[in-house]
There are 2 protein chains.
Amino acid sequence: MARTPFNPSRRQLLAMIGQVAGAAAMYQAMTSMGFAQESGYTGPVALQGPRQGRRVLVLGAGIAGMAAAYEMRRAGYEVKILEYQSRHGGRCLTLRGGDRFTEMGGHEIACDFQGDSYFNPGPWRLPVHHRAVMDYCRRLGVPIQTFINKNNRAYLHSATAFDGQPQRIGHVEKDMRGHVSELLAKSLHQGALDQAVTPEDREKLLEGLKDWGVLDRHYRYRASDDLGGVRGWDIPPGGGLMPGQEPSEPLELSPLLQSGLWDQLFNFNSYTFEPPMFEPVGGMDAITDAFAREVADVIQLNARVTRIAQSDDGVRVTYADGANGGVMREESADWCICTIPLSVLVQLDVDCSDAMRRAIGAVPYASAFKVALEFRRRFWEQDDEILGGITYTDLPLVQIAYPSYGFLTEGPAVLQAAYDTATAGRTFTYSWSAMTPQERIDAALALGRQIHPQYDAEFLSGTSWVWHRVDWSLGCYGQWTDDLRDAHYETLCEIDNRLVLAGEHCSHIPAWLEGSLLSALDAIRRLDQKENA
Amino acid sequence: MARTPFNPSRRQLLAMIGQVAGAAAMYQAMTSMGFAQESGYTGPVALQGPRQGRRVLVLGAGIAGMAAAYEMRRAGYEVKILEYQSRHGGRCLTLRGGDRFTEMGGHEIACDFQGDSYFNPGPWRLPVHHRAVMDYCRRLGVPIQTFINKNNRAYLHSATAFDGQPQRIGHVEKDMRGHVSELLAKSLHQGALDQAVTPEDREKLLEGLKDWGVLDRHYRYRASDDLGGVRGWDIPPGGGLMPGQEPSEPLELSPLLQSGLWDQLFNFNSYTFEPPMFEPVGGMDAITDAFAREVADVIQLNARVTRIAQSDDGVRVTYADGANGGVMREESADWCICTIPLSVLVQLDVDCSDAMRRAIGAVPYASAFKVALEFRRRFWEQDDEILGGITYTDLPLVQIAYPSYGFLTEGPAVLQAAYDTATAGRTFTYSWSAMTPQERIDAALALGRQIHPQYDAEFLSGTSWVWHRVDWSLGCYGQWTDDLRDAHYETLCEIDNRLVLAGEHCSHIPAWLEGSLLSALDAIRRLDQKENA
């Protein structure tokens with residue numbers, strides 16, 4: 001009788017090692033199996049280069065297109081980029097005072113910032129583990145600074161909780177941790193978990209909960225000087241003969257649970273938002289400008305692609321040449337890397353397999369908007385002690401982000417005063433997308449003053465960005481579902497004869513620069529392999 | 001029969017309002033009672049100024065002395081500062097390449113950094129709620145930048161846990177939170193806490209724990225794609241047809257509890273260290289340099305005070321004039337503000353009450369040391385993805401701090417490679433204080449390479465600072481206990497006829513610039529009141 005074959009997965013194998021030999025042995029095994037080592041981006045892409053002169057046509061001068069062009073040219077390919085807009089950078093863009101943009105529907109977006117603040121309508125922050133982005137910043141000399149994502153002094157706010165008074169993030173976080181610690185300590189003392197926890201672990205756990213939750217000697221979460229040292233003070237410790245310190249009073253468990261503020265805290269829970277995060281100094285377009293410095297000579301702007309034809313010998317791309325009255329022209333090449341958003345691409349005439357055509361048409365584009373407001377002074381710093389970070393609210397503005405630069409300076413500064421995407425099950429974005437630019441500013445002011453009453457006295461001007469009103473993207477990013485991925489993702493990413501797609505829509509990190517870059521790097525690696533096959 | 005008088009404390013009153021009328025009403029009451037509003041520093045000090053020409057002699061050109069001089073002069077007092085050293089700034093100092101210092105015992109501290117990194121032997125980071133410091137930075141135009149104190153990718157390390165492999169801070173934090181959530185959810189499901197939690201709160205709590213702890217649908221803390229999105233990946237999500245993502249595997253509860261790494265995490269728990277923190281651009285001495293720009297004309301350097309005499313009419317201070325061969329000189333004034341550390345002051349001849357003399361002699365000075373190492377490259381960024389933040393270990397180096405500036409740059413950079421004070425019950429500082437400068441560097445290298453094996457290949461040079469070997473401070477800061485405070489603090493801070501003391505030792509925030517500043521501001525406010533009484 002044949003024995004059942006023993007083919008454990010890597011994960012099963014590790015679990016067994018862990019059970020038999022303990023955590024340390026498991027960790028060692030993980031390392032030696034290359035498991036604890038994250039992969040993804042492991043350094044500059046190594047291409048073999050073309051066997052003979054080869055021409056590559058890149059469609060779109062966003063970060064995916066420019067990165068593909070940069071690397072392909074370094075490897076010896078001849079490269080040209082066709083770009084629809086009169087600018088490079090794609091969805092990675094930065095608005096500054098004086099900028100104008102006409103959105104679909106005919107309204108003009110005006111940015112009239114008086115100060116030197118900037119506003120990033122698209123990507124605006126970099127996780128440190130987005131290795132491709134960070135490595136290109138390093139290689140291309142883009143200076144970065146800390147982006148404060150979580151600021152314990154910023155607020156969580158619900159219009160219906162605590163009388164509409166915003167609560168400090170650090171207070172909600174520490175109070176929930178304290179209450180959870182008190183409850184778990186109570187269970188442990190009652191013996192309720194004696195089946196789940198050994199006596200040795202139980203002692204360590206109780207000891208740890210006391211410190212972590214800042215419990216008193218009766219394992220209760222109560223105001224005390226110890227808690228003041230962790231949660232903050234009503235009257236802080238002073239100098240000389242200033243009045244004695246008074247610790248702050250924790251929020252009680254029940255109103256806190258019912259307020260929904262704990263849930264808002266989970267906005268900071270994601271690995272993507274782990275501290276520290278970063279941003280390029282001076283605006284996100286510093287990254288795409290750095291790529292453009294490398295490839296500007298091969299970018300043709302104002303080139304509106306209408307048809308992508310291909311045969312076994314090569315590709316022919318037809319485009320309207322906006323710099324010459326829209327006359328139709330044609331470019332030929334051996335390979336085509338197309339980074340045009342699917343929302344636009346689906347409307348073009350593309351030679352590709354039926355399956356790829358279905359994939360191109362299958363992915364909806366997420367709705368997203370932002371409003372930015374310039375104020376006379378940094379009242380959030382001066383009055384509320386909020387330097388950087390994000391306030392979350394259940395109002396339809398969803399979040400207010402404070403600048404991570406220019407701290408303590410006088411003069412005007414800009415808040416990202418409203419931002420949401422339609423991915424979280426919320427539908428606020430549709431209402432905002434339906435508003436005129438002026439209505440969006442009015443709404444951001446009317447809502448935001450519930451959190452920052454200084455809005456009225458300090459407001460200077462506002463601007464906004466609604467991704468579904470942008471003619472060159474028709475939405476913000478590819479909104480994949482698990483079902484859509486199963487049905488279409490591989491097809492979308494495969495090389496179709498002489499054509500390969502790239503961009504955040506061809507990645508598992510939608511909406512992020514890292515997804516765009518990784519998709520471009522993977523596409524050119526496979527294309528280079530096919531060239532050399 | 002007389003009724004028991006009803007005299008509730010402010011806190012008791014609030015608790016009653018909370019019980020009767022709920023949390024929102026309590027919050028309102030707190031605000032209207034000025035309770036939720038923190039005090040301490042509320043803005044620039046307002047002095048009446050002298051009734052007639054008055055001379056104030058300030059001893060010590062550290063931040064307390066310079067701030068006192070700056071504000072007193074603005075209010076119309078004539079001011080002079082006597083400073084023992086040939087530099088201003090006191091314990092707020094920054095070392096850069098080329099700096100030399102001879103410590104007690106005769107050894108020379110050499111700083112031979114090749115790059116433009118700096119090292120702050122004393123204060124090195126600013127909490128945002130240290131309002132006096134922040135406000136002076138604003139008023140005196142000191143640019144600040146984010147100081148990354150907590151970096152989830154930095155390490156917690158124990159030589160005896162996990163085979164000595166450092167663990168990422170974010171992993172320990174999220175795993176403990178997950179295990180705690182799983183255990184509490186189990187208790188709630190068992191009904192163990194039905195007396196403590198209402199059914200409504202129980203439901204909210206279970207729902208919240210599932211999100212907060214990233215529990216699966218059986219309320220277990222297990223590897224999953226959801227957890228990958230919070231804890232990180234063994235194989236991260238990629239672009240194009242890169243290999244599929246694999247979530248990371250959590251550390252198990254028991255080894256984690258027994259490792260002691262959870263305790264190390266509490267280093268980040270303090271209100272003082274809440275994110276975000278800040279630092280002056282270019283080194284902490286930017287703050288004291290800014291004060292010196294305002295008061296340099298009244299500072300006499302190299303003035304070694306030996307005697308402080310006072311009568312009802314004024315003070316006479318005797319000092320050795322180091323700029324003129326040490327000849328003894330005398331300065332007279334109406335008031336004296338003395339910021340000399342108690343460790344030094346106790347050795348001088350001071351006219352003051354017996355009680356104040358006992359207070360001056362009662363406070364021991366904390367031991368503290370730091371070692372800084374310069375390396376050829378930022379291997380912590382390039383190899384370990386640690387940009388800023390602090391690694392904690394149970395090795396005697398205690399902590400390694402990574403620079404919060406110059407991210408991604410090539411070339412040499414400096415780690416604060418060892419740092420501890422003697423306040424936490426640990427005694428590592430005494431061993432380090434006993435070492436020669438070279439031995440400290442060797443020890444920091446030998447210990448640190450257990451966490452960063454790159455130390456050996458990349459080391460360039462090192463420097464160190466041991467506060468008990470500094471002749472002008474004889475220790476790091478006043479190490480108060482509750483008993484010492486009860487016995488001596490008020491006496492120490494009271495104005496003794498014409499003399500008042502100031503500095504971090506005269507504050508409830510020892511060792512911090514904020515304590516020095518608040519003590520100086522409180523001292524001059526009281527002195528100004530006495531002048532005008």
Side-chain angles (χ1 to χ4, degrees), chain A residues 23-24 27 35 38-40 128 137-138 144 146 148 151-152 162-163 165 170 180 183-184 187 190 192-193 201 204-205 208 211 229-230 232 234-242 252 254-255 257 262 266 269-271 274-276 385 387-388 407-408 493 506-509 515 518-519 522-523, chain B residues 23-24 27 35 38-40 128 137-138 144 146 148 151-152 162-163 165 170 180 183-184 187 190 192-193 201 204-205 208 211 229-230 232 234-242 252 254-255 257 262 266 269-271 274-276 385 387-388 407-408 493 506-509 515 518-519 522-523:
Chain A
Y27 185 89
F35 206 108
E38 297 185 34
S39 65
V128 73
C137 284
R138 187 182 62 76
I144 62 169
T146 311
I148 301 171
N151 175 347
N152 277 20
F162 298 107
D163 248 8
Q165 293 289 337
V180 162
L183 288 172
L184 183 53
S187 288
Q190 289 174 352
L193 292 160
D201 288 349
K204 285 275 183 198
L205 195 50
D211 286 350
V230 169
D234 285 339
I235 301 176
L241 300 179
M242 287 179 171
E252 284 176 28
S254 185
L257 281 174
W262 193 24
F266 306 156
N269 217 7
S270 161
Y271 184 58
E274 278 209 326
E385 287 183 333
L387 280 69
F407 303 114
L408 304 186
C493 296
C506 292
S507 83
H508 292 274
I509 318 169
L518 292 184
S519 100
D522 184 66
Chain B
Y27 185 88
F35 207 108
E38 296 185 34
S39 66
V128 73
C137 284
R138 186 181 63 76
I144 62 168
T146 312
I148 302 171
N151 176 347
N152 278 20
F162 299 106
D163 248 9
Q165 293 288 337
V180 162
L183 288 172
L184 183 54
S187 287
Q190 288 173 352
L193 292 160
D201 287 349
K204 285 276 183 199
L205 195 50
D211 286 350
V230 169
D234 285 340
I235 301 177
L241 301 178
M242 287 178 171
E252 284 176 29
S254 184
L257 281 175
W262 194 23
F266 305 156
N269 216 8
S270 162
Y271 184 59
E274 279 210 327
E385 288 183 334
L387 280 70
F407 303 115
L408 303 187
C493 295
C506 291
S507 83
H508 293 273
I509 318 169
L518 292 184
S519 101
D522 184 66

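Contact of the A:N151 side chain with the B:V128 side chain is not registered, since no non-hydrogen atoms from C-beta on lie closer than 4.5 Å. The shortest side-chain heavy-atom distance between A:N269 and B:D211 does not fall under the 4.5 Å cut-off.
Among all heavy-atom pairs drawn from A:G238 and B:L518, the shortest one is CA-CD1, 3.9 Å. Closest non-hydrogen pair, A:R138 versus B:L408, comes out as CG-O, 3.2 Å. Heavy atoms only, all atoms of each residue included: B:V230 and A:E274 are closest at O-OE2, 4.3 Å. In plain terms, the two heavy atoms of B:S254 and A:D201 that are nearest each other are OG-OD2, 2.8 Å. The two residues A:L193 and B:L183 come nearest to each other via the heavy atoms CD2-O, 3.7 Å. Residues A:C493 and B:L241 come closest through the heavy atom pair CB-CD2, 3.6 Å.
By number of non-hydrogen pairs under 4.5 angstrom with chain B, the leading residue of A:S507, A:G388, A:G515, A:C137 is A:S507. Ranking B:G170, B:P276, B:C506, B:A192 against chain A, the residue ahead of the rest is B:P276, based on heavy-atom pairs under 4.5 Å.
Residues passing the side-chain contact (heavy atoms from CB on, under 4.5 Å) test with B:P275 are A:N152, sequence neighbours excluded. With sequence neighbours left out, the side chain to side chain donor-acceptor pair (under 3.5 Å) criterion links A:S187 to B:S187.
Only the side chain of A:I148 comes within contact range of chain B, judged by heavy atoms closer than 4.5 Å.
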